[in-house]
Amino acid sequence: MFTKSLQGYEKNNFVQFLIKRFGKIQARKVIEKYFLGTSKYWNGANIFWQIDTKGHIRTGKIMLYNTETGKRTKKINWVHSLLKIYNFELEQCFFGEHLLKDKLKPIAIVESEKTAIISSLYLPSFTWLAVGSLTNLNKPKCESLRGRHVVLFPDLNGFEKWSVKAKEYGFKVSDLLERKASEDQKKEGLDIADFLLNFEIKDIEIITSKDFPPKKRKLKQDCEFSEGSLEVHRIVQERKIKRRELTKEESYEFLKQLANINHK
């Protein structure tokens with residue numbers, strides 16, 4: 001069933017959203033990296049396969065998304081439930097756990113599979129895994145992370161719960177969203193992908209490059225700005241945030257924080 005699902009992407013709503021937002025080359029990159037599948041259970045449904053470090057397929061989460069917005073519907077089902085395997089005992093692993101064979105990159109953990117996929121395009125210096133939900137971060141799952149450098153990126157309002165987990169498991173937890181989000185954004189429970197989608201990938205590449213910021217130059221107003229700083233302001237001014245409005249200051253600060261995360 002896993003093998004048969006690795007096709008039909010022209011009918012896969014989530015894949016079509018990725019293509020529209022990032023283009024075919026970037027979409028193909030994450031399709032192959034995370035083994036995204038297509039399900040016929042609902043028209044346009046996607047399968048997020050859970051594959052462990054030994055290559056065993058634990059299960060697949062079937063979800064339906066809106067092609068235009070990338071937002072999921074309320075519909076969720078599981079491959080193991082549909083197959084009705086006799087004596088089957090589910091033991092979930094991280095979505096993306098098969099990527100842990102790369103021992104060099106630090107690990108970033110988020111709640112949703114969609115967030116892991118989108119974040120991996122913007123910040124490829126991490127190996128991005130998803131736990132499935134706020135409450136699914138547990139000790140058995142984290143055994144595969146023993147000895148690795150791990151940073152948790154909780155959704156807004158999940159910071160306190162995951163901070164406790166971080167101390168228990170010896171992980172770090174990012175408070176970036178908690179510090180930068182507005183009260184309305186906190187009420188919506190946004191995640192890091194919601195913020196990243198306000199930018200193009202090349203915007204993040206500019207700010208996280210080793211040459212940022214370049215040497216300073218003086219403007220006519222006799223004020224000092226770096227060329228990198230001017231570039232960020234140009235990005236913010238030219239591109240209106242499609243999903244959620246951010247001020248110039250918010251955008252610049254958020255990008256600076258991402259640069260720090262990327263280099264650390």
Side-chain angles (χ1 to χ4, degrees), residues 18 21-22 30 33-34 48 50 61 63 70-72 92-100 102 104-139 141-142 144-146 148-201 203-205 207-208 243-244 246 250-251 253-264:
L18 292 174
R21 183 63 179 79
F22 300 105
V30 289
K33 184 176 183 178
Y34 286 95
F48 295 117
Q50 290 185 13
K61 185 190 287 187
M63 303 177 75
K71 294 286 187 181
R72 73 173 180 85
Q92 292 191 56
C93 65
F94 288 106
F95 170 73
E97 187 171 304
H98 62 283
L99 299 174
L100 291 177
D102 183 344
L104 299 177
K105 290 183 180 181
I107 311 301
I109 298 179
V110 292
E111 291 184 35
S112 84
E113 295 85 356
K114 170 189 166 183
T115 302
I117 287 168
I118 290 173
S119 299
S120 73
L121 289 170
Y122 284 96
L123 297 170
S125 58
F126 284 102
T127 294
W128 290 86
L129 310 180
V131 73
S133 72
L134 181 67
T135 57
N136 274 359
L137 188 65
N138 55 52
K139 205 162 187 176
K141 265 188 186 172
C142 293
S144 61
L145 303 175
R146 189 181 294 275
R148 303 294 295 269
H149 176 68
V150 180
V151 183
L152 307 180
F153 289 86
D155 291 4
L156 285 170
N157 299 325
F159 179 73
E160 289 185 8
K161 288 184 179 179
W162 276 22
S163 292
V164 174
K165 295 289 186 181
K167 287 181 181 179
E168 185 180 349
Y169 304 146
F171 300 160
K172 292 184 178 180
V173 59
S174 171
D175 65 348
L176 174 60
L177 299 190
E178 203 69 22
R179 289 186 288 107
K180 298 300 179 184
S182 66
E183 289 304 315
D184 287 340
Q185 289 169 333
K186 288 180 180 179
K187 287 178 182 178
E188 289 185 67
L190 304 186
D191 60 31
I192 191 170
D194 291 311
F195 285 84
L196 288 171
L197 285 169
N198 287 318
F199 307 98
E200 299 297 328
I201 293 175
D203 301 346
I204 307 297
E205 290 173 347
I207 203 79
T208 57
R243 298 190 60 186
R244 306 180 196 282
L246 293 178
E250 287 174 331
S251 299
E253 284 302 314
F254 185 74
L255 286 170
K256 281 203 302 184
Q257 292 293 329
L258 283 176
N260 289 334
I261 289 171
N262 199 40
H263 288 151
K264 288 177 182 177

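For the single chain, residues carry numbers from 1 onward in sequence order.
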Kindly say whether P154 contributes a backbone atom to a donor-acceptor pair with the side chain of K161 at under 3.5 angstrom?
no
Taking all non-hydrogen atoms of both residues, which atom of W162 and which atom of L152 are closest, and how far apart?
O-CD1, 3.5 Å
Between L121 and L196, is there a side-chain heavy-atom distance shorter than 4.5 Å?
no
With a 4.5 Å cut-off on side-chain heavy atoms, are W128 and Y34 touching?
yes
F48 backbone acceptor or donor facing E113 side chain under 3.5 Å
no
Measuring only between side-chain heavy atoms, which start at C-beta, is R21 closer than 4.5 Å to E200?
yes
Could you tell me whether the side chain of S119 reaches within less than 4.5 Å of the side chain of F126, counting heavy atoms only?
no
Does the pair F153 and L176 meet the rule for a side-chain contact (heavy atoms from CB on, under 4.5 Å), with working shown?
CA-CA 8 Å; F153 289 86; L176 174 60; 5.6 Å; no
Hey, are the side chains of I109 and V150 touching, using non-hydrogen atoms and a 4.5 Å cut-off?
yes
Ion pair present between E160 and K165, side-chain N to carboxylate O less than 4.0 angstrom?
no
Within the structure provided, determine whether S174 and F159 are in side-chain contact (heavy-atom separation under 4.5 Å).
no
Classify the side-chain pair T115/D191 by whether it contains a donor and acceptor separated by less than 3.5 Å.
yes
Closest heavy-atom pair and its distance - F22, L197:
CZ-CD2, 3.8 Å
Of all the heavy-atom pairs spanning L156 and L177, show the shortest one and how long it is.
CD2-O, 3.4 Å
In the structure I gave you, are the side-chain heavy atoms of E97 and Q50 within less than 4.5 Å of one another anywhere?
no
Expected output: side-chain K105 to main-chain P124 donor-acceptor under 3.5 Å:
yes
Heavy atoms only: give me the nearest K141-S144 pair and the separation to one decimal.
O-OG, 3.2 Å
For a quick test of reading the model, state the closest non-hydrogen atom pair linking L134 to G158 and the distance between them.
CD1-CA, 3.8 Å
Between L145 and F171, is there a side-chain heavy-atom distance shorter than 4.5 Å?
yes
Minimal heavy-atom distance between S125 and P106, with the atoms involved, is O-CD, 3.4 Å
Rounded to the nearest 0.5 Å, what's the gap from CZ on R148 to CG on L104? Could you check?
8.0 Å
The reported gap from OG in S120 to CG in L129 (rounded to nearest 0.5 angstrom) is 10.5 Å
Please round to the nearest 0.5 Å and tell me the distance separating atom CZ of F195 and atom CD of Q185.
4.0 Å
If you round to the nearest 0.5 Å, how far is OG of S112 from CG of D194?
8.5 Å
CG-CD distance between N157 and E188, expressed to the nearest 0.5 angstrom:
11.0 Å
